[in-house]
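A short write-up of the structure that comes next.
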Amino acid sequence: MTKVRVRFAPSPTGPLHMGGVRTALYNYLFAKKQGGDFLLRIEDTDQNRYVPGAEDYIMESLRWCGIHWDEGPETGGPFGPYRQSERKDLYRQYAMQLIESGKAYYAFDTPEELEAMRQRIEAEKSGNPQYDSRSRLSMKNSLTLSEEEVAQKIARGENYVIRIKNPEDEEIVLEDLIRGTVKVHSWQLDDKVLFKSDGMPTYHLANVVDDYLMKITHVIRGEEWLPSAPLHVLLYRSLGWEAQMPRFAHLPLLLKPDGNGKLSKRDGDRLGFPVFPLQWKDPKSGETSSGYREAGYFPEAFVNLLALLGWNPGTEQEIFSLDELVEAFSLDRVGKSGSKFDPEKAKWFNHQYLLQKPLQDLGRELKEIAQAKGIDAREEQLTSIAGLMRERVNFTTELFGQAGFFFSAPKEYDEAFAKKRWKEDTPAILLDLTSVLENLQAFTAEAIHKAIHTFMEENGIGAGKLMPGLRLALVGSGMGPDLSEIMDILGKQESLQRIRRAAETLKA
RNA sequence: GGCCCGUUCGUCUAGGGGUUAGGACGCAAGGUUUUCAUCCUUGUAACAGGGGUUCGAAUCCCCUACGGGCUACCA
């Protein structure tokens, strides 16, 4: 049995979309589950669309997700280079091989002539408006021109492309691991350009050549490639590599949360969620797109939610570490239909991870955020705050946002809440309480809790009469965690100060 | 337009001839709580439509509808 080898082959034309990350993830999971290799290959055959920084962005994104490749650019490997622009010279010989075996041909048509051909067919309704086994007979190519003319044109340096010569009447059948048998008639197929006039191959040629040379066993890619899969089958056949042809698996698409269609950057902007793993600043427009990392997502949560979009384990487990995903993953549990992305559930996933995280990690993270904000706080204290607050929020960043009262005393008091709960006698009661608290030796949550309840009992005061006012004094609003816990973290001095200040300044 | 792919609660999905069609997110109600949130309990809600095949169809087949993808010297 040959070793499984799969690849993720993005084009560096911009930031990696979360759908792309999912494709990479499924490739990775499949490879690791099978004990195989996962490689990264950069498909940069289109010089016009190259975007500086995109390649680094792709690699950083995958690293952030914990998706590590066994071979790739910079990493290297026995089948390198892993950047198609650096493999440029390889492709020409295969294109020539196809010409020589009569499986491909030269074409000299200008863009205008191509356009004219499409319009003509459209008008005549004589077939598909494409360069195919029928229309190629009326175009300028090595099928219609004499050998001398062709040689002459090439010698003169005229622009030409190399096109595949599709069979006229043949049914191409392929077995997709996700979709089953897919059949297409060759007369529906376009004689796709394999080799461009700029000396670069197109995706179709480069992808087949590289997958063959790199001994790829499974091609797992997005559904948008399904229509050209028969062409690729034909290419393997034409190159004499059919026996080594990889198995195909075409993944369903990630759809926008509302309405229909592919998830796009626009949807993220419109609905307020990131579409990219990492923040991206477009080098041309300077426009910034938000990323999951910057939005406060844990990479584990991001990977987890992505994995469950289109795949499920067949059990009721929803929370998976990357290792668990590897263990559980299989292509036959990948669905056939597109998945709408649900930003709400995405948050829920992060919440689950926030709950699981060791408190020390959260404390450390909070310390960083605090420092960036210029707030001075001990990490130990921040760790306690994290423990107290995390179940109420979805993100570490939010956690900090809702804990502001720990760092500065209330500047104002929630009016509506005060109106309802701050009574004539509240200040007096609170001041009485301060003397009890003042005498506490150990100012711990437990001791405070006890003291408050003893105080209430002894004075015949109900919790509803004391607590809301106390909360208002300490927090400034009617929200937040347990008051004893808050005071514990605040410390005796600060707690008492806040209570006294409220008692003095707040009128019923 | 042509070709290809798809269709189970609002969303992610399980189930693939006989199920009260299951779970999760969301939403709603109730409970707990000094408050908000969490949490717990309960509820809400789906087999696109029509024909077959079959004793029996969400499940198999066909058609229709709808949705999506592709249709470049882009990937």
Show your working on ring pair (Phe, Tyr, Trp, His ring centres under 6.0 Å) between Tyr26(A) and Phe329(A) and close with a plain yes or no. CA-CA 8 Å; Tyr26(A) 284 11; Phe329(A) 190 79; 5.2 Å; yes

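In this structure, CZ on Arg471(A) lies 7.5 Å from OG on Ser477(A), to the nearest 0.5 angstrom.
Trp280(A) pairs by the ring-ring contact (aromatic ring centres under 6.0 Å, His included) definition with Tyr57(A), not counting sequence neighbours. With sequence neighbours left out, Ala107(A) forms a side chain to side chain contact (heavy atoms under 4.5 Å, CB included) with Tyr105(A), Asp109(A), Tyr131(A), Asn141(A), Val161(A), Arg163(A). Judged as a salt bridge (Lys or Arg N to Asp or Glu O under 4.0 Å), and not counting sequence neighbours, the contacts of Asp258(A) are Arg270(A). Residues satisfying the salt bridge (Lys or Arg N to Asp or Glu O under 4.0 Å) criterion with Lys347(A), sequence neighbours excluded, are Glu344(A).
Applying the salt bridge (charged side-chain N to carboxylate O under 4.0 Å, His left out) test between Asp211(A) and each of Arg247(A), Arg7(A), Arg221(A) identifies Arg7(A) as the sole match.
Remark: Lys262(A) is in phosphate contact with C70(B), judged by side-chain N or O atoms under 4.0 Å from OP1 or OP2. A sub-4.0 Å separation between OP1 or OP2 of A14(B) and a side-chain N or O of Asn312(A) is present. Arg41(A) has no side-chain polar atom (N or O) that falls below the 4.0 Å cut-off from OP1 or OP2 of A75(B). Lys196(A) has a side-chain polar atom (N or O) that falls below the 4.0 Å cut-off from OP1 or OP2 of C74(B). Side-chain nitrogen and oxygen atoms of Ser337(A) include none within less than 4.0 Å of the OP1 or OP2 phosphate oxygen of G67(B).
When each of Gly480(A) and Thr13(A) is assigned the nucleotide of RNA chain B with its nearest heavy atom, Gly480(A) is the one assigned upstream, toward the 5' end. Taking the nucleotide of RNA chain B with the nearest heavy atom to each of Gly335(A) and Pro468(A), the more 5' of the two is matched to Gly335(A).
The side chain of Lys192(A) lies closest to U71(B), out of C70(B), U71(B), C3(B). For Glu391(A), counting side-chain heavy atoms from C-beta on, the closest listed nucleotide (U71(B), G69(B), U38(B)) is U38(B). With U34(B), G69(B), G22(B) as the choices, the nucleotide that has an atom nearest any side-chain atom of Glu316(A) turns out to be G22(B). Distance from the side chain of Asp342(A) is smallest for U11(B) among the nucleotides C4(B), G15(B), U11(B). Side-chain atoms of Asp190(A) lie closest to A72(B) of the nucleotides G68(B), C73(B), A72(B). Counting only heavy atoms from C-beta on, Lys336(A) has its side chain closest to G6(B) among G6(B), C4(B), G2(B). Nearest to the side chain of Phe417(A), among U35(B), G26(B), G67(B), sits U35(B).
Across all strands shown, nothing is found opposite U32(B) as a Watson-Crick or G-U wobble partner with both distances under 3.5 Å. The partner of U38(B) cannot be assigned: no Watson-Crick or G-U wobble pair with both contacts below 3.5 Å exists in any strand. Of all nucleotides present, only U44(B) satisfies the Watson-Crick or G-U wobble test against G26(B), with each distance under 3.5 Å. Base pairing of G18(B): its partner is C55(B), meeting the Watson-Crick or G-U wobble criterion (both donor-acceptor distances under 3.5 Å). Pairing of A65(B), defined by two Watson-Crick or G-U wobble distances under 3.5 Å, is identified with U7(B).
Within the cation-pi definition used here (under 6.0 Å to the ring centroid, within 45° of the axis), Lys140(A) does not qualify as a partner of Phe108(A).
The pair Glu223(A)-Arg179(A) meets the salt-bridge criterion, since a charged nitrogen lies less than 4.0 angstrom from a carboxylate oxygen. A salt bridge links Lys357(A) and Glu300(A); the closest N-O separation between the charged side-chain nitrogens and carboxylate oxygens is under 4.0 Å.
Contacts with RNA chain B (heavy atom under 4.0 Å) in residues 158-176 of chain A: Val161(A), Arg163(A), listed by number. A heavy atom closer than 4.0 Å to some atom of RNA chain B occurs in Lys345(A), Trp348(A), these being the qualifying members of residues 345-356 of chain A.
Remark: the separation of the P atoms in A46(B) and A58(B) is 15 Å, to the nearest Å. Annotation: U54(B) and G67(B) have their P atoms spaced 35 Å apart (nearest Å).
The residue Thr45(A) sits close only to the backbone: its heavy atoms come under 4.0 Å of sugar-phosphate atoms, none of a base.
Side-chain atoms of Arg179(A) and base atoms of C5(B) include no donor and acceptor less than 3.5 Å apart.
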